[in-house]
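Report on the following structure.
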Amino acid sequence: MRLLRTFLMRLATTAVTLFGVAVIVFVVIRVVPGNPIAMMLPPGATEADVARLSALYGLDKSIPQQFLIWAGGVLQGDFGTSITTRQPVLALVLGRLPATLELSVMALVMAVIIGGFAALTGTRLRGTRTEGAIDVANGMALSVPDFLWGLVLILMFGVLVPIFHISGRVTPSLDLPFVTNFYLFESLIRLRLDLWADIVAHMFMPALALAIPLSAIIGQLLKQSLKETMHLDYVTLSRTKGYGENHVILREALPNAILPTLTLVGVQFTFLIGGTVIIERLFSYEGLGNMAIDAVINRDLPLIQGIVILFAAIFTAVNLLVDLAYAALNPRLRHA
Amino acid sequence: MSYLEIDRLSVRLRGGGPLLRQVSLTVAAGEVRGLVGESGAGKSMIGKAVLGILPRSTEITAGRIVLDGVDLLTLPPAERRRRIGATCALIPQDPLTALNPSRRIGPQITDRLVDILGWPRVRAEARARELLAEVYIPDPERVMRSYPHELSGGMRQRILIASAFAAEPKLIVADEPTTALDVTVQKQILKLIKEMQERHGTALLFVTHDLGVVSKVCQSLSVLYAGLVVEDCAVRDFFRAPGHAYSAALLAATPKYTDAVASLTPVPDTVIAAVRAEVAAADRRMSHG
């Protein structure tokens with residue numbers, strides 16, 4: 001019951017947040033220098049041409065008026081038409097969303113696996129040189145940003161040992177039978193493992209570049225959390241029952257140590273999604289981030305608005321999911 | 001024939017001073033031995049050494065811990081762990097921290113029976129219900145499905161006692177099992193431990209700083225000062241005539257309801273000086289082999 005109320009409250013605050021984001025973005029991209037009309041017209045266009053085109057896109061009205069028109073459309077599911085491609089913004093954005101979601105989730109899974117493995121190994125071998133080596137590797141992973149890791153990976157696995165594709169989402173010459181844009185997921189469902197392998201080979205490097213800094217954060221926090229938990233009485237009691245180190249770490253300490261890590265992973269995951277903007281550009285990956293950069297370069301106002309709103313919606317959704325997962329994993333919250 | 005024999009056990013901080021100085025004691029099958037001393041005297045350390053849960057910052061430098069005729073310290077770690085798990089148990093000090101908050105009570109009692117002793121799950125669960133009933137927990141079925149935070153401190157200590165006796169261990173280490181509890185609950189828990197110990201005939205190593213508890217529960221007693229056993233005697237003799245000046249001072253310092261002034265008597269400086277000299281002498285003996 002309490003969970004449901006919390007959920008509804010969160011939905012309400014989410015609506016307010018999204019409205020705020022919409023207002024800010026809407027105003028800012030109209031106030032900053034550079035406008036889409038100038039981008040569209042050839043040099044030497046007359047004042048009359050500019051005025052006609054402005055009127056066509058509604059840019060001759062005041063900003064509040066424009067906002068009301070746009071917001072009215074959004075409430076009916078119409079996010080406007082992209083100025084550069086002349087296609088509906090909603091269709092464009094939803095078409096790219098699966099690519100970015102797959103990339104982000106893949107990166108998150110990689111980060112959890114790498115970070116979790118590092119934390120567990122470091123805890124199991126605490127006090128040894130291996131633990132020291134893991135700490136050093138963690139520090140390195142953390143001190144280099146994701147796009148530099150992207151460049152490093154391109155040099156390693158794209159140039160020196162070319163085993164992964166460095167650009168795109170899938171090899172263009174391949175015939176794609178997909179009905180959705182969730183290529184990775186759908187190829188697996190359809191058991192087209194040949195396509196799946198090709199998609200993974202494209203996604204691997206951008207996902208890993210995004211995952212490395214996050215894995216270091218997960219590894220560090222989880223290890224610290226495990227270290228504290230390992231001193232607790234119930235862990236010691238478990239040892240007296242005859243259990244060995246592996247069981248004690250995995251069964252007794254980990255379920256409790258994972259809780260603080262989970263909250264942080266949620267926050268960091270939203271940063272990771274933000275990171276896709278640059279990483280997608282670097283790897284020419286056809287996702288939302290790449291589209292966002294194009295939209296900004298072309299001053300495609302409706303498209304920028306649509307993308308920003310979507311990103312904001314994803315961020316709040318992730319935070320909500322984390323809170324729900326936390327409540328589900330922590331019995332003290334579940335029954336309270 | 002004693003079930004547990006600790007023979008000249010020495011423990012020290014890694015790269016630091018000694019914590020236990022050639023401690024020797026025996027616990028016969030079914031016997032209850034008290035370990036008393038001030039904070040830091042090393043009484044808990046003995047129980048931890050027996051159960052193989054000494055902190056990583058410490059090391060055993062010499063001695064033997066013979067359990068049922070086998071020196072635990074000569075066994076490979078995995079075998080030692082299993083042997084301890086199958087024959088010994090711990091009643092911990094703080095019931096609020098000794099149960100895993102994210103696991104239900106039932107599995108925390110049955111896990112040893114199933115995983116270490118290889119019982120079928122159904123039998124282990126039946127055993128857990130039986131034990132919970134023995135420690136006067138109403139509705140064991142419901143309690144086994146509960147999480148620790150849903151139960152009171154006294155309730156949790158009962159569960160830990162039930163869990164300790166579940167595998168019919170030969171030896172239980174009770175590490176100040178009533179210290180963290182509410183005064184009104186302390187007596188009940190103490191009575192319960194005594195009752196369970198007598199019913200199951202378990203040997204008990206009872207760590208406490210409360211001589212009143214010792215007089216109620218224990219048959220024999222080791223008094224520790226700075227990791228040195230200064231007196232090892234039967235409880236009856238101890239209360240009639242302590243054999244060591246430090247023991248006598250400790251006994252005199254025990255709070256009494258009848259005499260408020262005497263309750264505040266500290267251990268006299270002369271006695272402390274004498275017992276410190278003994279510790280120094282023991283260290284000299286140790287360093288000369």
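Note that these values count all heavy atoms, side chains included, but never hydrogens, waters or copies made by symmetry. Chain letters run A, B, ... following the sequence lines, proteins first and then strands; every chain starts at 1.
With a 4.5 Å cut-off on non-hydrogen atoms, B:Arg56 touches chain A through its side chain but not through its backbone. With a 4.5 angstrom heavy-atom cutoff, B:Ala78 does not touch chain A via any of its atoms. With a threshold of 4.5 angstrom between heavy atoms, B:Leu117 does not approach chain A through any atom at all. Contact annotation for B:Leu99: only backbone heavy atoms (N, CA, C, O) come within less than 4.5 Å of a heavy atom of chain A.
Of the inter-residue distances, the one linking B:Thr97 atom OG1 with A:Leu232 atom CG reads 7.5 Å to the nearest 0.5 angstrom. Note that CG of B:Leu90 is 11.5 Å distant from OG of A:Ser238, once rounded to the nearest 0.5 Å. Distance check, rounded to the nearest 0.5 Å: CG of A:Leu237 to CG of B:Asp175 gives 11.5 Å. We find the CG-OG1 distance between B:Leu54 and A:Thr236 to be 11.0 Å, quoted to the nearest 0.5 Å.
Interface check for chain A: of the options B:Pro101, B:Pro55, B:Ala98, the most heavy-atom pairs under 4.5 Å are formed by B:Pro101. Interface check for chain B: of the options A:His231, A:Glu252, A:Glu245, A:Arg239, the most heavy-atom pairs under 4.5 Å are formed by A:Glu252. Chain B forms the most heavy-atom pairs under 4.5 Å with one residue out of A:Pro255, A:Gly242, A:Gly244, and that residue is A:Gly242.
The number of heavy atoms from other shown groups lying within 6.0 Å of CZ (A:Arg129) does not exceed 12. Counting non-hydrogen atoms of other residues, nucleotides and ligands closer than 6.0 Å to NZ of A:Lys227 gives a total of 12 or fewer. Other residues, nucleotides and ligands contribute at most 12 non-hydrogen atoms within 6.0 Å of the CH2 atom of A:Trp196.
Shown here are the ring pair (Phe, Tyr, Trp, His ring centres under 6.0 Å) partners of A:Tyr234, two or more places apart in sequence or in another chain: there are none.
Evaluation of the ring pair (Phe, Tyr, Trp, His ring centres under 6.0 Å) test over residues 246-269 of chain A, restricted to residues two or more places apart or in two chains, returns A:Tyr243-A:His247.
A:Lys241 contributes no side-chain N or O that, together with a main-chain N or O of B:Ile116, makes up a donor-acceptor pair within less than 3.5 Å.
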Please assess B:Asp94 against A:Asp233 for the test side chain to side chain contact (heavy atoms under 4.5 Å, CB included), listing each intermediate value before the final yes or no.
-> CA-CA 8 Å; B:Asp94 186 353; A:Asp233 289 349; 4.1 Å; yes

